[in-house]
Amino acid sequence: MSSAAHHGPTDYYIPDSSPWPIVAMLSIFLMLSGTALTINAVGAGVWMVLAGFVLLMVMFYGWFSVVIKENLADRYNEQVDGSFRQGMFWFIASEVFFFLSFFGALYYIRDIALPWLGGEGYLGVTHEILYKQFEAMWPSAGPGQLGGEFKPMGAWGIPALNTLILLTSGATVTWAHWGLKEHNQKKLVWGLAATIALGLIFVAMQAYEYYHAYGELNLTLKSGVYGSTFYMLTGFHGFHVTMGTVMLMVILVRAMKSHFSPHNHFAFEAVAWYWHFVDVVWLGLFVFVYWL
């Protein structure tokens, strides 16, 4: 059982057993399995993705509610706060390596595998053995132009505008943080509201970009290695922006209820760290996926 008493500096709060990690696992399993089925044109895949997303929202609501109630009941001391900070640090570190793996795959494809297939380097013989007509040019759908001819997504236009939007959102969430430290409720609330609005605009712009890519550029998930890496990197980033926006909405509601003080606001800081991480990842995407 959890200890509900007020804790001193050396006591550590131990919560009750929680079902929410299992719910989170099930929601991620449904979304990943549903995505794989959708890509392979299995009808149930879309419904599995939707079910997984709804379950994820239920998990966020339930788990956030528990943590918020514990925080408002003053069950956390500095030691627990330090554990939260370490947990968030390592979570973001795992996210860094998650995206690094995809950036690494993109680098390997463009600068190692593609030249080999095109006849360059000491393994250039693969060009003669596998596919003599292949030209090592990026973007590429691979030998045989899988999925048909397509146009690559340019950097200037929606991607550049989305870069400006995300950089601005990083400034607005920092502005909100300043308001929190100054005990300025108005600055805190308006800064969070502006950040949420920018996040929603970013997601809407990316959805339109995908619509344009599929409908006018013939750039789809079937467009070979370029299509798969493009949608893998930008799609996962868009998912992170969506989740970050949802978390900012929760923080905004809590801020409007005056749950935070200049000395007790780790929940705000955790979401702000996450949002800045999302900004930095997008800069890498803009340079290596859209620009170069």
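Hydrogens, waters and symmetry mates play no part in the numbers below; they use all other heavy atoms, side chains included. Given the structure is predicted, the values throughout are model-derived calculations rather than measurements. Numbering starts at 1 and runs along the sequence shown.
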**Q** Hey, is CZ on F60 packed in by over 12 heavy atoms from elsewhere, all under 6.0 Å?
**A**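 Counting other residues, nucleotides and ligands, CZ of F60 exceeds 12 neighbours.
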
**Q** Determine whether V46 and L26 fall in the same hydrophobic cluster, where Ile, Leu, Val, Met, Phe, Trp and Tyr are linked whenever their side-chain heavy atoms lie under 4.5 Å apart.
**A**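 Not linked; separate clusters.
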
**Q** Sort out for me which residue in L217, L219, N162, I158 forms a side chain to side chain contact (heavy atoms under 4.5 Å, CB included) with E209.
**A**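 Filter result, single survivor: I158.
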
**Q** Roughly how far, to the nearest 0.5 Å, is OG1 of T195 from CE of M249?
**A**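 If I round to the nearest 0.5 Å, the distance is 11.5 Å.
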
**Q** Can you list the steps and then say if W282 with Y290 is a ring-ring contact (aromatic ring centres under 6.0 Å, His included)?
**A** CA-CA 10 Å; W282 177 256; Y290 289 97; 5.6 Å; yes

**Q** Could you go through the side-chain contact (heavy atoms from CB on, under 4.5 Å) check for W273 and R85 one step at a time?
**A** CA-CA 10 Å; W273 294 352; R85 292 176 185 277; 3.8 Å; yes

**Q** So E216 and K151, side-chain contact (heavy atoms from CB on, under 4.5 Å) or not? Walk me through it.
**A** CA-CA 9 Å; E216 301 178 29; K151 293 182 180 179; over 6 Å; no

**Q** Taking all atoms of both residues into account, what is the closest heavy-atom pair of S169 and L166, and its distance?
**A**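 Here S169 and L166 meet closest at OG-O, 2.6 Å.
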
**Q** Treating Ile, Leu, Val, Met, Phe, Trp and Tyr as nodes and any side-chain heavy-atom pair under 4.5 angstrom as an edge, say whether F230 and F239 lie in one connected cluster.
**A**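 Result: yes, single cluster for both.
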
**Q** Using the rule that Ile, Leu, Val, Met, Phe, Trp and Tyr join whenever any side-chain heavy atoms are under 4.5 Å apart, tell me whether V23 and M25 fall into a single cluster.
**A**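 Yes; M25 is reachable from V23 via cluster members.
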
**Q** More than 12 heavy atoms of other residues, nucleotides or ligands under 6.0 Å from NE2 of H212: yes or no?
**A**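 Correct, the count exceeds 12.
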
**Q** Would you check if V278 and H237 make a side-chain contact, meaning some heavy-atom pair closer than 4.5 Å?
**A**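 Contact flag for V278/H237 side chains = yes.
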
**Q** Mind telling me whether Y274 and F91 have parallel, tilted or perpendicular rings, with 30° and 60° as the class edges?
**A**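 Rings of F91 and Y274: parallel, as their planes differ by under 30°.
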
**Q** Under 3.5 Å, is there a donor on one side chain and an acceptor on the other for Y231 and S223?
**A**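 S223 and Y231 do not have a side-chain donor-acceptor pair below 3.5 Å.
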
**Q** Any non-hydrogen side-chain atom of M256 less than 4.5 Å from a side-chain atom of L252?
**A**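 M256 vs L252: side chains touch.
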
**Q** Could you report the tightest heavy-atom contact between Q185 and S258, atom names first, then the distance?
**A**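 Looks like NE2-OG, 3.8 Å.
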
**Q** Nearest 0.5 angstrom please: L32 CG to S27 OG, how far?
**A**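 The CG atom of L32 sits 9.0 Å away from the OG atom of S27.
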
**Q** Side-chain contact test, heavy atoms from C-beta onward, threshold under 4.5 Å: evaluate it for W275 versus T245 and give yes or no.
**A**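 Yes, at least one pair of side-chain atoms sits under 4.5 Å.
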
**Q** Considering only heavy atoms from C-beta outward, does the side chain of W47 approach that of L50 to under 4.5 Å?
**A**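 The answer is yes, as the side chains (C-beta and beyond) meet within the 4.5 Å cut-off.
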
**Q** Under 3.5 Å, is there a donor-acceptor pair between the side chain of Q206 and the main chain of T234?
**A**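 Present.
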
**Q** side-chain contact (heavy atoms from CB on, under 4.5 Å) between F268 and R254: does it pass, once the steps are laid out?
**A** CA-CA 9 Å; F268 175 94; R254 294 193 63 191; over 6 Å; no

**Q** Looking only at heavy atoms, what is the nearest atom pair of A255 and L188, with distance?
**A**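 Answer, listing the atom of A255 first, then L188: CB-CD2, 3.7 Å.
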
**Q** Is any side-chain heavy atom of I92 less than 4.5 Å from a side-chain heavy atom of H276?
**A**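 Not touching, per the 4.5 Å side-chain cut-off.
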
**Q** Side chains of E95 and H240: any donor to acceptor distance under 3.5 Å?
**A**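 On atom types as modelled, these side chains qualify, holding a pair under 3.5 Å.
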
**Q** Restricting to non-hydrogen atoms, name the atom on P159 and the atom on G154 that form the minimum distance, rounded to 0.1 Å.
**A**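 Shortest heavy-atom separation between P159 and G154 comes out as CG-O, 3.3 Å.
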
**Q** Is there a donor-acceptor pair under 3.5 Å between the side chain of T229 and the backbone N or O of Y226?
**A**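 Side chain of T229 to backbone of Y226: a pair is present.
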
**Q** If you measure from CD1 on I109 to CG on L114, what distance do you get to the nearest 0.5 Å?
**A**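 That separation rounds to 9.0 Å.
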
**Q** Nearest 0.5 angstrom please: I112 CD1 to Y107 OH, how far?
**A**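 Reported to 0.5 Å precision, the distance equals 4.5 Å.
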
**Q** According to a hydrophobic-cluster definition based on side-chain heavy atoms being under 4.5 Å apart (Ile, Leu, Val, Met, Phe, Trp, Tyr only), do V96 and M232 belong together?
**A**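 As far as the 4.5 Å side-chain criterion goes, M232 and V96 are connected within one cluster.
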
**Q** Which heavy atom of P139 sits nearest a heavy atom of P152, and at what distance?
**A**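 In this case the closest contact between P139 and P152 is CG-CB, 3.5 Å.
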
**Q** What is the ring orientation for F102 with F98, classed by angle as parallel under 30°, tilted 30 to 60°, or perpendicular over 60°?
**A**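 Rings of F102 and F98: perpendicular, as their planes differ by over 60°.
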
**Q** What class does the angle between the rings of W291 and W156 fall in, given that below 30° is parallel, 30 to 60° is tilted and above 60° is perpendicular?
**A**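 W291 and W156: perpendicular rings.
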
**Q** Do V49 and L30 share a hydrophobic cluster (ILVMFWY, side-chain heavy atoms under 4.5 Å, transitive)?
**A**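 Per the 4.5 Å side-chain linkage, V49 and L30 are not co-clustered.
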
**Q** Measure the spacing between CE of M247 and OG1 of T242 and express it to the nearest 0.5 Å.
**A**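 Reported to 0.5 Å precision, the distance equals 10.5 Å.
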
**Q** Closest approach of M48 and S33, non-hydrogen atoms and distance?
**A**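 Where M48 meets S33 most closely, the heavy atoms are CE-CB, 3.7 Å.
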
**Q** Side-chain contact, heavy-atom cut-off 4.5 Å: M243 with M57?
**A**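 The answer is yes; the side chains approach within 4.5 Å.
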
**Q** Can you confirm whether the side chains of S18 and W63 place a donor and an acceptor under 3.5 Å from each other?
**A**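 On atom types as modelled, these side chains do not qualify, holding no pair under 3.5 Å.
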
**Q** Can you list the steps and then say if L161 with I165 is a side-chain contact (heavy atoms from CB on, under 4.5 Å)?
**A** CA-CA 6 Å; L161 183 58; I165 289 171; 4.2 Å; yes

**Q** Does L55 reach the side chain of M59, with side-chain heavy atoms less than 4.5 Å apart?
**A**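 No, too far: nothing below the 4.5 Å cut-off.
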
**Q** With heavy-atom distances below 4.5 Å as the criterion, would you say the side chains of W190 and W175 are in contact?
**A**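 W190 vs W175: side chains touch.
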
**Q** If you count the non-hydrogen atoms of other residues, nucleotides and ligands that lie under 6.0 Å from OH in Y214, is the total more than 12?
**A**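 It does: Y214 OH has more than 12 such atoms within range.
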
